[in-house]
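So the structure is just underneath, and the comments pick up after that.
Both counts, for ligands and for their atoms, begin at 1 and track the order of listing. Values below: all heavy atoms of this structure, side chains included; hydrogens, waters and symmetry mates excluded. Along the sequence shown, the residues carry numbers beginning at 1.
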Amino acid sequence: MVRAVRGMRDILPHDARLWRYVEDTIQQVIARFAYEEVRLPLLEFTELFARGVGEATDIVEKEMYTLADRDGDSLSLRPEGTASCVRALEENGLLYNQTQRVFYAGPMFRYEKPQKGRYRQFYQIGAEAFGFAGPDVDIELIAIGAACWKALGISQYISLEVNSLGSSESRRAYKDALVAYLTPIQAQLDEDSQRRLLTNPMRILDSKNPNTQELLTSAPQLPDFIDEESKAHFQQLLKALDDLGIKYNVNSSLVRGLDYYTHTVFEWVTKDLGSQGAVCAGGRYDGLVKQLGGRDTPAVGFAIGLDRVVLLCELANSEVKSAADLYICVLGDELQSKGLLLAEQLREQLPQTSVRLHMGGGNFKKQLKRADASGATWAILYGDEEAKSGELSVKHLRDASIGQTKLRVDQIAQHISPNS
Ligand code: ATP
Ligand code: MG
């Protein structure tokens, strides 16, 4: 047998049910904020990510799946959604003289070291807002995250970190000060940080190396460089979070590596997934649309890592709907086709109920075992006796006190789902 590629997982029926629950729940929350869906290609010109994610990032330097198209173009499987989203809206004239609030969902691809919570094909749902200078929309995006965790019942595992990078000018001034501080002592930095000093110095703040972190304690601090206007933007954000009852921690070493990030950055993090702590990352990227060749357009967004959200839902023992709600057992070959008809009638009367018809024969005892294994709540028995009397046996599989009742077809819906 040929095996799956490393880091690319199959999501099999049992897990897929949980995935469906997670995706549906998050998309319903996002829809309640009236964000609209965009569906974007998995393949883009490599140049889009080189410019949109940044040459000096891990993603572009070493994580992309890049291939040559048959005509020689360099294409890459998308490692993230924001660049494609900006490209699509700009290319289709949707950023011109208007605002947009959109979301996207689907697989992303990065060549990383696979481990729990980190895969080479992973899944994100992201939301982006264009044309709003904020901070109101920054807050809305954070509120969407909070509403998602609440709807999924995983708020207890997740906390919010926020920071402000200030305007592009204040950020640049900080970067220069950081480089000036670190350059004379660069030999003491870890290898990655030495490289970043030249390519992407603010990312050094992210370093996990204890020695580098020690050196950073006396480095210039970002908050000291932030201009008054940016401070006001950030204070408004924090106040609104207080008003909404959303708890946060201001983390001044939370940065995004790229020059087009400004003002608000945030991350929803968890301590319950080992070193894969980031569940959702977002921020304001006012410089990106222009960087990609469009007009200056303020923009802010986030991306949720679904693989990690699913792991948290497993921790929370999220209740997931079973494959079938109702299982029809039929006895005797000539009744099988009547079983199909009965299943159709029930699906029509109970639109919210999934109905599975037994196939492959066997006596009722064997069929009921299957019904039980399917996770169904109800079983309906349809044999010669039922065919003759016109009444079906309806059995609750999970609550013995409800037991078994004889009912006509038109009484079943009321019995099973009194409110439907
Ligand atoms: P990390 O620090 O964990 O590598 P990142 O900064 O590279 O994350 P982003 O590019 O901001 O991540 O993507 C947003 C979210 O997507 C992350 O917070 C995480 O939940 C998820 N994510 C990123 N890479 C992976 C991956 N390889 N496997 C699973 N989820 C991922
Ligand atoms: Mg990463």
Q: Assess whether atom NZ of K231 is packed by more than 12 heavy atoms of other residues, nucleotides or ligands within 6.0 Å.
A: yes

Q | Within 6.0 angstrom of R20 CZ, more than 12 heavy atoms from elsewhere | A | no

Q.
Taking non-hydrogen atoms within less than 4.0 Å of ligand 1, which protein residues qualify?
A. R110, E112, G117, R118, Y119, F122, Q124, R256, A278, V279, C280, A281, A303, G305, R308

Q | Partners passing side-chain contact (heavy atoms from CB on, under 4.5 Å) against K366 (at least two apart in sequence or in another chain) | A |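 Residues passing side-chain contact (heavy atoms from CB on, under 4.5 Å) with K366: N363, R370.
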
Q: State which residues pass side-chain contact (heavy atoms from CB on, under 4.5 Å) with T46; sequence neighbours excluded, sorted by chain then number.
A: M64, T66, S74, S76

Q) Which heavy-atom pair separates L215 from Y181 by the least distance, and what is that distance? A) O-OH, 2.7 Å

**Q.** Qualifying salt bridge (Lys or Arg N to Asp or Glu O under 4.0 Å) pairs, either residue in residues 34-53, two or more places apart
**A.**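 Sorted result for residues 34-53: E37-R39, E44-R87, E47-R51.
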
